[in-house]
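Okay, structure first, notes after.
Predicted, not measured: the structure shown is a model, and the values here were computed from it. Residue numbering restarts at 1 for every chain, and letters A, B, ... go by the order of the sequence lines.
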Number of protein chains: 2
Amino acid sequence: MNGDGATADTMTIRQMCDAFDVTARTLRFYESKDLLAPIRSGTRRLFTRRDRARLKLILRGRRFGFTLDEIGELLDLYDIGDGQATQLRRTLEIASAHLASLEHRRRDLDEAIAELKAQMEWGEARLGRKGARAAPRPLPETPRPAAPGA
Amino acid sequence: MNGDGATADTMTIRQMCDAFDVTARTLRFYESKDLLAPIRSGTRRLFTRRDRARLKLILRGRRFGFTLDEIGELLDLYDIGDGQATQLRRTLEIASAHLASLEHRRRDLDEAIAELKAQMEWGEARLGRKGARAAPRPLPETPRPAAPGA
DNA sequence: ACTGTATTTGACGTTTACGTCAACGGAACG
DNA sequence: CGTTCCGTTGACGTAAACGTCAAATACAGT
């Protein structure tokens, strides 16, 4: 048989590192933060399907700039199972706030993409018509200082 | 006349703090990183329209989890003016990579929003039909350990 | 001139999210 | 049985992005 502790449903730490492109240190760190809870075979960690699902969510949260603490809250959402109704309501409140945050980010993101595309088209136009002397492209509008005596 | 150094087009550091909800330390820090370049009236900083436009972009970049160094690169995009064609091409390459990154984030974000909404609907359904015994909601699929001898 | 408040420049502290050793443990191989 | 890998647990280091505190300066109003 293959010597390592991995079964059909569990993975060793190295397999996890390869599958998700993270370091072992990172996985141990997440465990210390209670984001993951691999089982043990002797002293060694074995990561379950649940750990993999959670890690996937952690990595996505990270790409959005959530802190690990915030991600921990979100993870609990996927992990209720049998909480009381009160606890469930509270969780839904947190989820609702996070959803609003995500949708706000989405609007920002759309705006950023549109502006970046516009900038790039401007740049490409300059490369195309080499001699073109366009006016220095306008910067987005920003708050003006308020006249105190108005 | 109002005593401070602010004119119709410039703002003092405090006005900036109020307008953008950042601390003075942050503004000075960004200046030290060459992200902002306020002019001086004596020793005091006066932030121009350009500084405000750049700060707006910095803050948006931050919300997406870009580092300040990355944001610096993006800012240069909005700031070429008269670079050589080679430099402009290089800048467009960087921009293109950032655009791809932004669009990837957008896809991730859409997925995250969809999953979060689904979770919330599941939770609300449990609150509604109090006695409902649904199967423990499925977790998203993840990589399985590969059978080494296959 | 005096006082008070806003600003400036260092310098050092802090938090987050890991990286980097060091020292040890066990198991698999020859 | 010795060696060679992983793997584990601390302990300490680090980079980014500021916070905090101190000491000095600069104006503004009286």
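- Rounded to whole Å, atom P of D:dA17 lies 15 Å from atom CG of B:Leu27.
- Put simply, the side chain of B:Arg25 and the base of D:dT20 share a donor and an acceptor less than 3.5 Å apart.
- Between the side chain of A:Arg44 and the base of D:dG7 there is no donor-acceptor pair of N/O atoms closer than 3.5 Å.
- Distance A:Arg14 CZ to D:dG7 P: 5 Å, rounded to the nearest Å.
- If you take CG of A:Leu46 and P of D:dC6, they are 17 Å apart, rounded to a whole angstrom.
- Residue A:Arg40 has a polar side-chain atom (N or O) positioned under 4.0 Å from OP1 or OP2 of D:dT9.
- For A:Phe29 and C:dT16, the CZ to P distance is 9 Å, given to the nearest whole Å.
- The salt bridge (Lys or Arg N to Asp or Glu O under 4.0 Å) test with B:Asp108 is passed by exactly one of A:Arg106, A:Arg63, A:Arg62, A:Lys56: A:Arg63.
- At the phosphate of D:dC18, OP1 or OP2 sits under 4.0 Å from a side-chain N or O atom of B:Tyr30.
- Phosphate contact (OP1/OP2 of D:dC6, side-chain N/O of A:Arg45, threshold under 4.0 Å): absent.
- Nucleotide D:dC18 holds its P atom 9 Å from the CD1 atom of B:Ile71, rounded to whole Å.
- In this entry the distance linking CD of A:Glu31 with C1' of C:dC18 reads 16 Å, nearest Å.
- Distances shorter than 4.0 Å separate none of the side-chain N or O atoms of B:Thr26 from OP1 or OP2 on D:dA17.
- Checking the phosphate oxygens (OP1, OP2) of C:dT16, no side-chain nitrogen or oxygen of A:Arg62 falls inside 4.0 Å.
- For the OP1/OP2 pair of C:dG19 and a distance below 4.0 Å, the side-chain nitrogens and oxygens of A:Thr23 include at least one atom meeting the criterion.
- Here D:dA17 presents its C1' atom at 17 Å from CZ of B:Arg63, a figure rounded to the nearest Å.
- Residue-level contact check: A:Arg28 touches the bases, meaning some heavy atom is under 4.0 Å from a base atom.
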